[in-house]
Amino acid sequence: MNQNINSILAILGGIFLAMQGGFNAQLGVQLRNPLMASLVAFFFSMVFALLVVLLSLKSFPKTSILFDIPKYLWFTGAFFSVVGICLYYYIIPKLGISTMISLGLFGQLLFSTIAGHHGWFGMPQEPMEIKRILGVVAMCIGIFLIKKS
């Protein structure tokens, strides 16, 4: 795929994440329990993912591949996902969706800039350059302006 399509898909993914945060935070308010909303959301996410995998998978990975995967990779991403999403559902009704998403994006940007600089998680190294630092500063200013209004 070309970079323009990938960029559009990335923006669409961000829109969907903001939408799910709003809907599931509302579910948490209705249930009076953001953790219950997280459980419901992850259950149905699993059902939808299972359907997509079953409809699109051409073959299952070989057993040897499954056993070669480091044990921590089976659960650490899910753990951080649950904690992050639970925090979203808890905070959105308190701060508002634009403030929470802005602060969440800032956290993602800050961490990903540091992780990219060091090449963590086996990803390509992306050196810390002045334009990246200016991007993080611009995000801080944007969050301040969103929060100020």
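Since we're looking at a predicted model, the values are computed, not measured. Excluded from the calculations below are hydrogen atoms, water molecules and symmetry mates; all remaining heavy atoms, backbone and side chain alike, are included.
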Check for me, please, whether [X] and [Y] land in the same ILVMFWY cluster - side-chain distances under 4.5 Å, paths through other members count.
| X | Y | value |
| --- | --- | --- |
| Val40 | Phe43 | yes |
| Ile141 | Phe144 | yes |
| Phe121 | Ile114 | yes |
| Tyr90 | Ile92 | yes |
| Met19 | Leu12 | yes |

Grab the two heavy atoms, one from [X] and one from [Y], that are nearest each other, plus how far apart they are.
| X | Y | value |
| --- | --- | --- |
| Ser102 | Ile143 | O-CD1, 3.3 Å |
| Tyr89 | Ala41 | OH-CB, 3.7 Å |
| Ser98 | Ile146 | OG-CG2, 3.8 Å |
| Leu109 | Thr113 | O-OG1, 2.6 Å |
| Ile101 | Tyr88 | CD1-CE2, 3.4 Å |
| Trp74 | Leu66 | CZ2-O, 3.7 Å |

[atom1]-[atom2] distance between [X] and [Y], expressed to the nearest 0.5 angstrom:
| X | Y | atom1 | atom2 | value |
| --- | --- | --- | --- | --- |
| Ile65 | Phe60 | CD1 | CZ | 13.5 Å |
| Gln3 | Ile8 | CD | CD1 | 11.5 Å |
| Ile11 | Asn6 | CD1 | CG | 11.5 Å |
| Lys71 | Leu73 | NZ | CG | 10.5 Å |
| Leu17 | Leu105 | CG | CG | 9.0 Å |
| Cys140 | Leu145 | SG | CG | 11.0 Å |

Taking the side chain as C-beta and beyond, is there a heavy-atom pair between Phe67 and Lys62 under 4.5 Å?
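Not in contact.
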Is the shortest side-chain heavy-atom distance between Met139 and Leu110 below 4.5 Å?
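No, every pair of side-chain atoms sits at 4.5 Å or beyond.
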Distance-only, no hydrogens or angles: does the Ser81 side chain make a donor-acceptor pair with backbone N or O of Gly77 under 3.5 Å?
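Checking the backbone N and O of Gly77 against the side chain of Ser81, no donor-acceptor pair under 3.5 Å is found.
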Between Glu126 and His117, is there a donor-acceptor pair closer than 3.5 Å when you use the side chain of the first and the backbone of the second?
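Answer holds: no.
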Which one of Ile91, Leu35, Leu39, Asn24 satisfies the side-chain contact (heavy atoms from CB on, under 4.5 Å) criterion with Cys86?
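That would be Leu35.
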Parallel, tilted or perpendicular for Trp120 and His118, by the 30°/60° rule?
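Correct class here is parallel.
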Counting only heavy atoms not in Met128, do more than 12 fall under 6.0 Å of its CE?
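Atom CE in Met128 is packed in, count exceeds 12.
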